[in-house]
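Quick note: numbers below take in every heavy atom, side chains included, and nothing from hydrogens, waters or symmetry partners.
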Amino acid sequence: MSTETAPDAAPAENPAGASTERPDSADEVVSELLFEATAKAAAGVLAASGTTGRGAASSTASGAAAEPGTTAATRSGTEAAAGPETAAGAGGTPSEASSEASGADEPPPGTSEDPVGVLPPSARPLTAALLNLSGLGLGYLHLRAWVRLPVALAATAGLVWVALPIGREPIAVWWAVGYLGALALFALDAAFLARRRDRRPARPTSRRTVWSPRAAGRVAWATLAVVPLLGAGYAVVQHEVLEDHLAYDLDQATTSLESVGTAFGPFKKTYDTAYATYVGVAADHPATRAADRVPGLVDDLYTQAKTDDPCTGLVVVRHFAEPGTPGPLQGVAESEIPGALHDCGMRSAEAGNLDMSRTYLSELLADHPSSDPALSVPGNLAEWRDDVLKDLSGKNGCTDTGAATASTGFLAKFDSGEVSALADEARERVPAALLKCGLQEFERKRYATVVQALDGLVESYPRAKEADYGERVRIAAGIALVDPKAGVKLPARDEPEGTVTLTVFNYSPDPFEMVYTGPATGVVEIDACDDCTYLPKGEEPVCNGYSLTVPSSTVTLPAGDYLTATRRDSTVLGWQNGGVNKDDFTADGTFCTWSSRY
């Protein structure tokens with residue numbers, strides 16, 4: 001037999017020096033102490049037995065792991081059959097023998113992952129890191145790091161507290177960045193923690209991980225999508241919440257506009273508020289369904305504000321065209337100013353408000369001379385002028401004699417030579433139209449309309465060829481307003497030769513006009529008498545037919561019966577004794593007038 005002796009002290013030294021690192025927990029401290037005590041006890045048993053020979057030492061060392069009933073010869077045969085690796089293990093260092101005695105990191109095939117006396121598998125750093133990226137602290141749960149796990153869960157709970165309830169605006173991006181940064185730190189921490197544990201020598205202790213490496217890897221890759229999916233879900237839900245809020249804002253603004261109708265002036269603030277809401281939605285949230293509704297709502301608001309009245313539309317256009325107006329209406333309204341000026345100016349002319357019409361059209365011609373509305377002004381005013389003259393001489397009589405008389409002055413006051421030239425043509429056509437209107441109305445016995453139409457003819461066109469006859473018709477109509485007998489027939493266009501000389505004296509301190517109609521129609525105008533006074537009622541002056549101090553006027557008339565009256569400020573009045581006088585002028589004579597004080 002061999003006389004070699006087995007190394008007795010080696011097994012006792014290896015366990016004590018197996019690890020110099022500080023355990024992470026109390027459980028690991030207890031486990032390490034138990035491991036060292038077990039190793040020392042095994043070394044003592046070997047020393048007491050005194051067995052010699054390598055084979056006896058090997059049998060004793062391996063007997064701790066042998067099953068009951070296994071003989072030394074059987075174990076020796078197994079070692080011999082194992083080959084060089086077994087021989088190397090038998091003759092290896094004491095630490096290696098101790099490691100083999102305590103079991104490997106991974107259980108043998110066909111055995112449980114955590115059999116009694118077999119160390120559990122260590123966690124992989126990458127797996128632990130991926131598990132922590134789920135935001136649920138699964139990496140710490142897997143590593144059984146119970147102190148770190150609440151910290152990871154608290155970070156997720158804090159983000160949930162900030163994000164819920166979901167409002168119209170998403171959480172600040174810094175919250176998300178901070179949370180992702182925290183997840184990255186948790187992942188790195190889990191990876192370093194797993195690596196530190198993996199580097200420590202195995203020892204008989206409780207399980208270090210919740211799942212096996214294979215199961216943990218599956219869980220890690222499966223939960224890696226938790227944060228992106230939850231983030232995407234939050235974004236979708238938050239967008240829908242925002243859409244609901246924006247739709248509510250738009251509906252409220254539309255309702256406020258419907259409540260005020262088309263009255264823009266008194267409710268300008270309501271229109272501005274609604275427009276600001278529309279513009280704000282489109283500017284702040286362009287990628288929303290609500291923003292897609294804004295262009296149509298803005299068009300409806302603009303159309304509603306302008307209504308069908310061009311002048312109201314001009315007020316609206318000027319308002320939204322002001323510099324600083326947000327949104328699309330500023331440019332739209334600014335481009336519509338020429339058209340709005342044109343439409344309001346023409347509508348004012350049609351309504352007879354010529355001063356307003358000239359103001360807007362003059363602004364158009366001065367500020368926007370090359371615009372299409374400005375270029376169309378001369379043609380539009382020519383059509384308007386023709387319509388005015390057509391109405392005056394139409395079959396239905398005179399509808400607006402004032403517009404006819406004012407049209408020439410209206411056109412003549414434009415600075416544009418092309419427009420003012422329209423007044424010259426109007427001057428040629430208006431007198432005939434006014435006269436025709438007066439004659440038609442005279443035949444209908446509408447003497448007031450006759451006077452109104454022919455006032456414009458006589459006063460505005462005194463040099464027109466129609467002015468003389470128009471004046472005579474106007475006198476006859478004025479007398480007919482006092483005494484309808486004067487309106488029996490129109491004055492003759494061609495009067496007979498005068499055969500009677502009539503001298504009219506004015507004994508009144510006021511200028512005097514005497515109008516007459518009969519075989520001839522006309523007016524006698526006499527200056528005031530400077531040396532005359534008002535006579536008491538009932539008194540008459542001495543009319544001797546000749547006076548150097550009393551003003552007079554002589555007229556030659558066809559002989560016949562005449563109706564006479566006075567006229568003051570273009571209005572025919574009856575004599576002081578009332579009504580119209582019927583006088584017979586068949587011979588030369590005198591006619592005296594005076595004024596009495598009441």
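- Within 6.0 Å of CD in Glu418 there are 12 or fewer heavy atoms belonging to other residues, nucleotides or ligands.
- Under the 3.5 Å distance criterion, the side-chain polar atoms of Arg472 are matched with a main-chain donor or acceptor of Arg493.
- In this structure, Tyr278 OH and Asp300 CG are separated by 7.5 Å, a value rounded to the nearest 0.5 Å.
- Neither side chain, Thr521 nor Tyr469, offers a donor N or O lying under 3.5 Å from an acceptor on the other.
- To the nearest 0.5 angstrom, Leu434 atom CG is 11.0 Å from Leu439 atom CG.
- In the model, Thr408 has a side-chain atom that pairs as donor or acceptor with a side-chain atom of Tyr461 under 3.5 Å.
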* Yes or no on side chain to side chain contact (heavy atoms under 4.5 Å, CB included) for Arg293 and Leu246, after CA distance, side-chain angles and deciding distance? -> CA-CA 10 Å; Arg293 295 174 51 193; Leu246 296 179; over 6 Å; no

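- Here the side chains of Arg568 and Leu573 are in contact, with some heavy-atom distance below 4.5 Å.
- At a threshold of 4.5 Å between non-hydrogen side-chain atoms, the residues Asp309 and Arg347 count as touching.
- Summarising the geometry, atom CG belonging to Leu329 is positioned 6.5 Å from atom OH belonging to Tyr302; distances are rounded to the nearest 0.5 Å.
- Every pair passing side chain to side chain donor-acceptor pair (under 3.5 Å) that includes a residue from residues 352-365 is listed here, sequence neighbours excluded: Arg318-Glu363, Asp355-Arg358.
- Contact annotation: the side chain of His319 never approaches that of Thr325 to less than 4.5 Å [non-hydrogen atoms, C-beta and beyond].
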* Asked: Hey, mind stepping through Val281 and Leu250 against side chain to side chain contact (heavy atoms under 4.5 Å, CB included) and telling me if it holds?
  -> CA-CA 8 Å; Val281 169; Leu250 296 181; 3.9 Å; yes

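- For the pair Cys437 and Ala453, the tightest heavy-atom approach, listed with the atom from each and the gap, is SG-CB, 4.0 Å.
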* To do: Start with the C-alpha gap between Val279 and Val294, add the side-chain angles, then the distance that decides, and say whether side chain to side chain contact (heavy atoms under 4.5 Å, CB included) holds.
  => CA-CA 7 Å; Val279 172; Val294 168; 5.9 Å; no

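- Note: Leu381 CG to Asp386 CG = 11.0 Å, rounded to the nearest 0.5 Å.
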Using a 3.5 Å cut-off and no angle test, enumerate the donor-acceptor pairs between side-chain atoms of residues 255-264 and protein atoms at least two apart in sequence or in another chain.
residue, atom, partner, partner atom, Å
Thr255, OG1, Asp251, O, 2.8
Ser256, OG, Ala253, O, 2.6
Ser259, OG, Ser256, O, 2.5

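- For the pair Arg427 and Asp424, the salt-bridge criterion is met [side-chain N within less than 4.0 Å of a carboxylate O].
- At a threshold of 4.5 Å between non-hydrogen side-chain atoms, the residues Leu435 and Leu454 count as touching.
- One distance of note links OG of Ser370 with CG of Leu365; it measures 11.5 Å at 0.5 Å rounding.
- The side-chain contact (heavy atoms from CB on, under 4.5 Å) test with Leu481 is passed by exactly one of Thr571, Val572, Val451: Val451.
- Annotation for Leu364 and Val377: closest pair CD2-CG2, 3.7 Å, computed over non-hydrogen atoms.
- The backbone N or O of Asp308 sits nowhere less than 3.5 Å from a side-chain atom of Thr312 that would complete a donor-acceptor pair.
- The shortest side-chain heavy-atom distance between Asp272 and Phe320 falls under the 4.5 Å cut-off.
- Heavy-atom minimum distance, Ala406 versus Leu354: CB-CD1, 3.5 Å.
- Defined by atom type and a distance below 3.5 Å, a donor-acceptor pair is missing between the side-chain atoms of His342 and Asp372.
- Of all heavy-atom pairs between Ala305 and Tyr271, the closest is CB-CE2, 3.7 Å.
- Closest of all the heavy-atom pairs between Ile479 and Ala486 is CG2-CB, 3.4 Å.
- For the pair Val523/Glu471, a side-chain contact is recorded, criterion being any heavy-atom separation below 4.5 Å from C-beta on.
- Classification of Lys268 and Glu322 as a salt-bridged pair fails, no side-chain N sitting under 4.0 Å from a carboxylate O.
- Gln330 places a side-chain N or O within 3.5 Å of a backbone atom of Ala321 that can act as its donor or acceptor partner.
- For the pair Trp575 (side chain) and Thr564 (backbone), a donor-acceptor distance under 3.5 Å is present.
- The OG atom of Ser508 sits 11.5 Å away from atom CG of Asp527, with the distance rounded to the nearest 0.5 Å.
- The side-chain heavy atoms of Arg385 and Phe410, taken from C-beta on, include no pair separated by under 4.5 Å.
- Looking only at side-chain heavy atoms (C-beta outward), His245 and His285 stay at 4.5 Å or farther from each other.
- The two residues Pro491 and Ala476 have their closest heavy-atom pair at CG-CB, 3.7 Å.
- Side chain of Ser335 to main chain of Val332: a donor-acceptor pair is present (N/O by atom type, distance under 3.5 Å, no hydrogens or angles).
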